[in-house]
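The block underneath contains the structure these notes are about, expressed in structure tokens.
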Amino acid sequence: MTATLLSTAADLHARARTGRRAVVMTMGALHEGHATLIRTARRIAGPEGEVVVTVFVNPLQFGAGEDLDRYPRTLDADVELAGKSGADAVFAPSVDEVYPGGEPQVRISAGPMGERLEGAARPGHFDGMLTVVAKLLHLTRPDVALYGQKDAQQLALIRRMVRDLNFGVEIVGVPTVREEDGLALSSRNRYLSPAERRTALALSQALFAGRDRHAAQEALRARAREVPATRARAEALSAIGESRAAADAHAVATTAGGPAAVRAAARLVLDEAARLDPPLRLDYLALVDPSDFTEIGDDFTGEAVLAVAARAGATRLIDNLPLTFGTFGDAS
């Protein structure tokens with residue numbers, strides 16, 4: 001499948017529409033993570049619908065000293081990958097097409113959620129991101145827009161903007177795509193030297209450690225609930241050699257767990273990575289409520305996000321995993 005390259009909104013609007021239009025927004029340098037988004041969009045749009053991939057490196061969301069100038073531009077390869085993945089068109093507008101007359105004086109504010117975590121590390125980033133997303137939603141006029149869950153705070157803010165400002169579009173989040181060793185796919189991974197890449201693996205390893213600690217704790221708590229409390233039944237268990245396992249289950253289930261244990265398990269991995277060569281330089285490790293990205297307490301129940309941001313060499317990377325607290329089962 002060959003994708004048509006378009007550079008103006010007028011050309012995009014001139015295309016005949018018969019079914020649903022699904023849009024995947026990117027800054028280019030497409031990889032398998034983007035391809036997964038595009039394939040998902042193709043399934044949602046169906047054979048009668050249309051998939052449009054936007055490629056636009058948005059200057060508003062890059063702060064001073066960030067990598068706007070060196071951000072990879074690979075449009076020819078992007079168009080090829082988009083077409084192979086199921087896109088009908090690639091919309092790659094110029095800065096003048098998106099911001100005629102220069103930077104917009106009226107912008108969207110991300111509010112308090114946009115000042116936390118990534119927003120604190122990159123002031124103004126989310127205002128710029130939401131402004132261009134709003135612009136591109138207007139320019140592309142989709143029925144559904146898809147975004148990766150790797151940028152969890154971005155996805156949460158887009159959903160909040162669409163809900164708060166009554167955008168008539170469905171927002172779909174697509175799970176993070178990882179390389180075989182666990183590293184989350186990112187266009188910035190290409191900046192990493194071999195040694196820096198080995199260090200960068202600590203981001204996903206820390207998340208997995210937190211997830212595994214949580215899953216083990218929840219499994220032991222579920223097991224403890226099934227262990228009989230009466231002496232007679234405990235003696236019966238002992239007779240068949242299960243008393244030690246029952247005692248272990250109770251002991252672990254009643255020790256400190258929950259969010260504190262998740263944070264501690266992840267932090268241990270990150271602390272070790274700080275001693276590598278080159279070292280991992282941590283920006284933040286957070287376990288947050290996805291509705292507002294505030295830190296959760298030890299008595300929290302429901303869905304949460306374990307998020308991390310760090311630098312390996314000069315390259316800053318982010319990653320996250322969803323977890324669920326308050327249910328006796330595996331973490332999600």
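Count residues from 1 along the sequence.
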Do the side chain of [X] and the main chain of [Y] share a donor and acceptor less than 3.5 angstrom apart?
X	Y	answer
T324	G302	no
H125	Q61	yes
R211	L306	no
T74	A77	no
D319	L203	no
E97	S94	no
Q153	M113	yes
T18	E48	yes
T301	G326	no
T54	F91	no

Heavy-atom side-chain contact between [X] and [Y] under 4.5 Å:
X	Y	result
L165	I108	yes
V90	D78	no
L155	I171	yes
R21	V52	yes
T36	V174	yes

Would you call [X] and [Y] a salt bridge, taking side-chain N to carboxylate O under 4.0 Å as the test?
X	Y	result
D88	R15	no
E170	R159	no
R42	E50	no
R178	E32	no
D283	R316	yes
R122	D127	no
R263	E295	yes

Exercise for review: Specify whether F325 and F300 have parallel, tilted or perpendicular ring planes, treating 30° as the upper limit for parallel and 60° as the lower limit for perpendicular.
Suggested key: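 The arrangement is perpendicular - the two ring planes meet at more than 60°.
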
**Study point:** Aromatic ring proximity F167/H138, centre distance under 6.0 Å
**Key:** yes

Review point. Please walk me through it: do Y284 and E118 pass side chain to side chain donor-acceptor pair (under 3.5 Å)?
Key: CA-CA 9 Å; Y284 62 77; E118 284 300 291; 2.6 Å; yes

Review point. In terms of heavy-atom contacts, does CG of D164 have more than 12 from other residues, nucleotides or ligands at under 6.0 Å?
Key: yes

